[in-house]
Amino acid sequence: MDSAPASDDVYLRPSVQTAVKLLIVGHFAVGKTTFVGTLSEIRPLRTEEVMTEAGALVDDLAGMRDKTTTTVALDFGRLTLNDRLVLYLFGTPGQQRFTRLWQDMTQGALGALVLADTRRLSQSFEVMGVLEEHGLPYAVALNQFPGAAGHQLDEVREALDLLPETPLVRCDARDRVSSTRALISLVEYLLNRTGHLEHA
Amino acid sequence: MTSRRRPADRLVRSYVVTDGRAHPTRNTLDLVTLLIATDDLPLTGLNPEKRRLMELCRPGALSVAEVAGHLSLPVGVAKVLIADLMDSGHIVTRAPIPAARPTDARILQEVLDGLRARL
Ligand SMILES: Nc1nc2c(ncn2[C@@H]2O[C@H](COP(=O)(O)OP(=O)(O)OP(=O)(O)O)[C@@H](O)[C@H]2O)c(=O)[nH]1
Ligand SMILES: [Mg+2]
């Protein structure tokens, strides 16, 4: 690839002091890459981690050539929120077996947005389980695909067995306003939780 | 950006560019740690991958993840190179290290305001 990116806005504003991250997670083909691409101010980037089949990050590259490895793609994008603060969105597949990757991803993350598809709700359980295991708070956004029946949100909430306080919203990952609203629901929830924690 | 090389080839390359190491010399690097290249140190003596990294970073600040993405390197490999360049003084991270505590209400409020302003 061409290493020196052409456009100036590849780089952060010089005044930016703090970076935070949110994870966009969900099962295969649920719209993670689309969501990140819709909101990112830079051309979305992709990087990868090399994992062994057993799910560990490769940590001895020298010994790796005969072992079976797999690569896990991370899509990410960036939103400058004000002169000082930038938000990174990381789209990550939800497989449980990538334990080390999850530790790295959830470390320092503010929270996660779980994208779900009403035609395949049960496929969201694995990723919700992983988030719960890592103690990362999340909201759920139903990505609207054609041919999906118009489920009521309370039916979906029950099917996903969500806690009463977990936000559940609809979104269209191709639409900027809709996707921004889904993130807002997540962050409002995260903020409310801190209030509860402080008063607890 | 997407390499057509097979993972095995990339592994061999990764092994070479990091001198066979998989662990960075420091573990404070997060995906969103912000990196700034110092511009007073010569690049002589740096291997080609580190030189490419420095050339990428000189025009302005980028996160660890962005550096890995632009250079088509796995995150783990990028971290090894970055840590070396921090040791040699070529790269500094923007203080404070951006490990925003998830319970930091002030940061969350700022994120919320920033998102709302985009509607
Ligand atoms: N109708 C509709 N299609 C969508 C929406 N979001 C994504 N798609 C389509 O669904 C397909 C999969 O979307 P991706 O964004 O690639 O999904 P992903 O979760 O990144 O997929 P993997 O990385 O392969 O797991 C693409 O063809 C998208 O165009 C949506 O909100 N509505
Ligand atoms: Mg994807």
Side-chain angles (χ1 to χ4, degrees), chain A residues 1 3-5 8 10-12 14 16-21 42 45-50 57-62 64-65 69-71 74 76 78-82 84-88 90 104-105 107-111 136-137 176-177 180-181 183-184 187-188 190-191 193-195 197-198, chain B residues 1-3 7-8 10-12 14-16 18 20-23 30-34 36 52-53 55-57 59-63 65-78 94-96 98-105 107-119:
Chain A
M1 73 141 259
S3 65
D8 277 351
V10 161
Y11 295 98
L12 291 163
V16 169
Q17 293 295 329
T18 308
V20 292
K21 66 178 174 183
I42 54 169
L45 288 163
R46 164 165 292 202
T47 181
E48 52 195 29
E49 281 291 9
V50 183
L57 284 181
V58 170
D59 58 2
D60 177 9
L61 293 170
M64 275 331 292
R65 265 163 279 180
T69 59
T70 181
T71 57
L74 305 178
F76 61 98
R78 187 179 88 198
L79 291 84
T80 301
L81 294 179
N82 62 39
R84 299 180 33 258
L85 179 66
V86 65
L87 168 65
Y88 287 93
F90 287 89
D104 275 20
M105 294 297 305
Q107 171 92 38
L110 300 176
L136 196 67
R176 196 184 58 84
V177 170
T180 306
R181 288 218 164 95
L183 281 189
I184 288 173
V187 179
E188 282 171 346
L190 299 175
L191 192 56
R193 279 178 93 248
T194 67
L197 291 178
E198 274 163 24
Chain B
M1 184 165 55
T2 316
S3 170
R10 279 198 301 266
L11 273 178
V12 174
S14 301
Y15 178 66
V16 172
T18 62
R21 288 165 305 129
H23 293 296
D30 184 85
L31 283 168
V32 301
T33 301
L34 301 182
I36 296 159
R52 269 196 339 132
L53 199 154
E55 277 157 12
L56 173 68
C57 288
L62 291 171
S63 63
E66 283 169 299
V67 166
H70 284 305
L71 297 181
S72 301
L73 291 171
V75 176
V77 173
R94 180 149 287 174
R101 283 183 308 285
T103 52
D104 188 334
I107 289 276
L108 287 167
Q109 186 66 55
E110 235 180 284
V111 173
L112 187 56
D113 294 343
L115 288 172
R116 284 180 174 152
R118 297 180 148 247
L119 287 180

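These numbers come from a predicted model, not from an experiment. Numbered from 1 within each chain, the chains take letters A, B, ... in sequence-line order.
When heavy atoms are compared at a cutoff of 4.5 Å, A:I42 approaches chain B solely by way of its side chain, counted from C-beta outward. Looking at A:L183, the atoms closer than 4.5 Å to chain B (heavy atoms on both sides) sit in the backbone and in the side chain alike.
Among B:I107, B:L108, B:D104, B:V111, the one residue that satisfies the side chain to side chain contact (heavy atoms under 4.5 Å, CB included) test with A:L190 is B:L108.
In terms of heavy-atom pairs under 4.5 Å with chain A, the best-connected choice from B:G114, B:A68, B:S63 is B:S63. The residue among A:V177, A:V187, A:L74 with the most heavy atom pairs within less than 4.5 Å of chain B is A:V187. Heavy-atom pairs under 4.5 Å with chain B peak, among A:L79, A:N82, A:T180, at A:L79.
Residues that satisfy the side-chain contact (heavy atoms from CB on, under 4.5 Å) test with A:Q107, not counting sequence neighbours, are B:D30. The ring pair (Phe, Tyr, Trp, His ring centres under 6.0 Å) search around A:F90 returns A:F76, not counting sequence neighbours.
The pair A:E188-B:R116 meets the salt-bridge criterion, with a side-chain N (NZ, NE, NH1 or NH2) lying under 4.0 Å from an Asp/Glu carboxylate O.
Side-chain N/O atoms of B:E66 and A:Y11 include no donor and acceptor closer than 3.5 Å.
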